[in-house]
Amino acid sequence: MKPVKLGILGCGIAAKDLHWPALKQLKDKFEIVMVCNHTVEKAKEFAQMAGNVPYVTDYKEVLANPQIEAVSILLPIHLNYEVTKEALDAGKHVIVEKPIAANMKEAEAMLGFEEKYKTIMTVAENFRYDPLNIKIKELLDSGSIGTPYSAFWDCFDLLETSNKYAKTQWRIKHQYPGGFITDGGVHNMAVFRDLFGEIDSGKAITKSINPELGEIDSMSFLFNTSQNVSCVFNYYFSSMGHQERKLKILGTQGTMVVEGKNITIKKVNSPDYVETVQSEGGYKEEFENFYGAIRNGEKVKSTFLEAYKDLKALLDALEAAENL
Ligand code: NAP
């Protein structure tokens with residue numbers, strides 16, 4: 001089967017550091033034929049890295065190129081709706097980075113795209129494809145800790161202003177609610193939903209500790225899910241002197257602790273069971289699914305509907321915080 005001829009829209013951090021390492025392992029499935037960045041240096045750099053492919057500074061030129069079958073959209077979040085629509089209008093298959101859109105109005109409009117257009121569309125929510133998250137689900141589904149009834153996900157980071165993400169101006173002067181909390185938090189919402197069902201109700205508190213990181217940089221979200229799992233999601237970007245990323249799931253027969261790539265199952269009177277998962281974050285797997293959908297009629301795993309629900313869960317939390 002022929003590789004999909006792919007155009008890259010946006011040659012920033014995600015394109016270079018996350019998508020390119022995956023795409024270069026998938027040369028039998030994707031051929032990058034043109035790249036675009038509105039500032040020429042980044043376009044040129046990526047074009048060279050991808051094998052001296054042509055580059056342009058106006059994404060409309062990529063969309064107008066009949067040779068290109070699919071585009072990967074890696075632009076500032078507030079452009080997702082408009083560029084996705086234009087790409088679909090141009091008859092391209094689309095993989096667009098998360099979050100699906102900058103607000104619920106645009107996300108809702110994008111739900112209609114799955115009906116309207118015949119081409120493949122997916123949101124690049126890599127957490128849905130990450131072998132680590134898939135293994136967590138597999139272990140829970142096999143009853144390894146009994147019935148899960150509570151989960152705690154603590155993410156304490158210190159995002160200094162020198163950090164590459166914090167240097168991105170569209171993130172600091174964000175045109176979508178929640179800034180970094182929304183940008184990153186949709187990943188966690190995808191996993192919570194996948195493991196424990198829809199998010200039923202919740203209360204949240206948000207704070208701004210470092211105003212240089214945008215509107216808010218800290219959130220605690222307490223919610224219950226349709227499978228009656230009570231969850232606490234602590235998401236903090238200005239944590240001084242302590243960094244941690246740990247998911248703890250309490251079940252009726254044991255506890256699961258996930259840290260790094262290790263999943264530990266703890267039980268009373270038994271030695272811990274530890275499984276280390278080989279994972280590069282799920283980027284390769286999301287592109288494999290995109291390819292399978294285009295060439296072999298496979299189902300898309302990260303649909304616009306799923307990404308819509310991830311964003312809604314997160315924005316509902318922000319709204320709950322406002323109403324507290
Ligand atoms: P970024 O580094 O700012 O990349 C965006 C690129 O788009 C920049 O190079 C920017 O150029 C360019 N650009 C802006 N407006 C443009 C336009 N109208 N036409 C063409 N190019 C334009 O941001 P990023 O970190 O890569 O994030 C991009 C997307 O990836 C976001 O949706 C983000 O949420 C997502 N992301 C996902 C993950 C993940 O793990 N899945 C991680 C990081 C990011 P200039 O910088 O020159 O303005």
Side-chain angles (χ1 to χ4, degrees), residues 7-23 34-47 49-50 54-64 71-87 94-103 106-107 110 122-130 132-133 155 157 159 163-191 213-214 237 245 279-287 289-290 301-302 304 306-307 310-311 314:
I8 305 287
L9 309 186
C11 301
I13 303 165
K16 277 193 299 189
D17 298 356
L18 308 174
H19 285 210
W20 173 242
L23 286 169
M34 187 179 261
V35 307
C36 166
N37 201 83
H38 68 160
T39 49
V40 73
E41 276 314 310
K42 285 188 179 180
K44 201 167 162 182
E45 187 195 346
F46 195 91
M49 196 169 69
Y55 60 87
V56 293
T57 52
D58 182 350
Y59 71 85
K60 289 179 199 289
E61 280 189 57
V62 180
L63 301 185
V71 291
S72 178
I73 300 175
L74 302 114
L75 295 168
I77 292 166
H78 58 268
L79 298 176
N80 279 358
Y81 167 76
E82 185 53 37
V83 180
T84 298
K85 188 173 176 307
E86 285 185 47
V94 170
I95 180 165
V96 55
E97 262 297 344
K98 45 51 60 181
I100 183 169
N103 54 58
E106 290 180 352
M110 288 169 87
T122 182
V123 172
E125 177 44 83
N126 58 297
F127 275 40
R128 253 189 198 99
Y129 298 90
D130 188 333
L132 178 72
N133 298 327
C155 302
D157 282 316
L159 202 58
N163 176 284
K164 60 184 176 184
Y165 291 113
K167 281 204 262 184
T168 322
Q169 277 316 297
W170 63 263
R171 284 194 165 90
I172 305 308
K173 297 190 174 77
H174 49 92
Q175 297 177 37
Y176 48 91
F180 276 102
I181 298 293
T182 304
D183 185 0
V186 288
H187 286 306
N188 305 72
M189 289 301 121
V191 177
L213 294 182
F237 282 104
R245 289 198 158 230
S279 159
E280 290 170 18
Y283 303 102
K284 185 167 159 251
E285 291 82 356
E286 74 191 4
F287 274 103
N289 183 217
F290 188 42
K301 190 171 180 185
S302 188
F304 277 22
E306 291 300 331
D310 299 339
L311 181 63
L314 202 288

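We count ligands from 1, going down the list as the structure has it; atoms in each ligand are counted the same way. The first residue in the sequence is number 1, and the count goes up from there.
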What I want to know is whether Tyr165 and ligand 1 share at least one N or O pair that is separated by under 3.5 angstrom.
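So ligand 1 has no N or O lying under 3.5 Å from an N or O of Tyr165.
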
Exercise for the section: Decide whether an N or O pair under 3.5 Å exists between Asn37 and ligand 1. Expected result: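 N/O-N/O distance under 3.5 Å: yes.
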
ask   = Counting each atom of ligand 1 from 1 as listed, which ones have a heavy atom of Asn126 under 4.0 Å away?
value =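 Listed by number with element, the hits are 39 (C), 40 (O), 41 (N).
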
Exercise for review: Pull out every atom of ligand 1 sitting under 4.0 Å from any heavy atom of Gly10, numbered as shown with elements.
Suggested key: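 It comes down to these atoms of ligand 1: 7 (O).
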
Nearest-neighbour protein heavy atom for [atom], which is reported as residue plus atom name and distance:
atom                    : answer
atom 47 (O) of ligand 1 : Thr39 OG1, 2.4 Å
atom 40 (O) of ligand 1 : Tyr283 OH, 2.8 Å
atom 3 (O) of ligand 1  : Trp170 NE1, 2.7 Å
atom 46 (O) of ligand 1 : Lys42 NZ, 2.6 Å
atom 42 (C) of ligand 1 : Leu18 CD1, 3.2 Å

Practice prompt. Decide yes or no on side chain to side chain contact (heavy atoms under 4.5 Å, CB included) for Glu125 and Asp310, but give the supporting numbers first.
Written response: CA-CA 10 Å; Glu125 177 44 83; Asp310 299 339; 4.1 Å; yes

request  = Could you check whether the rings of Phe287 and His19 sit parallel, tilted or perpendicular, using 30° and 60° as the cut-offs?
outcome  =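 Answer is perpendicular, since the angle exceeds 60°.
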
From the candidates [options], the one that places a heavy atom nearest [atom]:
atom                    : options                    : result
atom 14 (C) of ligand 1 : Glu82, His38, His78, His19 : His38
atom 34 (O) of ligand 1 : Glu97, His187, Lys98       : Lys98
atom 28 (C) of ligand 1 : Leu75, Asp130, Ile77       : Leu75

field: Heavy-atom gap Phe127 to ligand 1 smaller than 4.0 Å
entry: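 False for this residue.
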
For Leu79, which part has a heavy atom under 4.0 Å from ligand 1: side chain, backbone, both, or neither?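 Answer for Leu79: side chain.
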
Below a 4.0 angstrom heavy-atom separation, can you tell me which part of Thr57, side chain or backbone, both or neither, approaches ligand 1?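 Contact part for Thr57 vs ligand 1: neither.
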
Check: Residues two or more places apart in sequence or in another chain: which of them pass side chain to side chain contact (heavy atoms under 4.5 Å, CB included) with Glu86?
Finding: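 Scan of Glu86 (side chain to side chain contact (heavy atoms under 4.5 Å, CB included), adjacent residues dropped) gives Tyr59, Lys60, Leu63, Glu82.
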
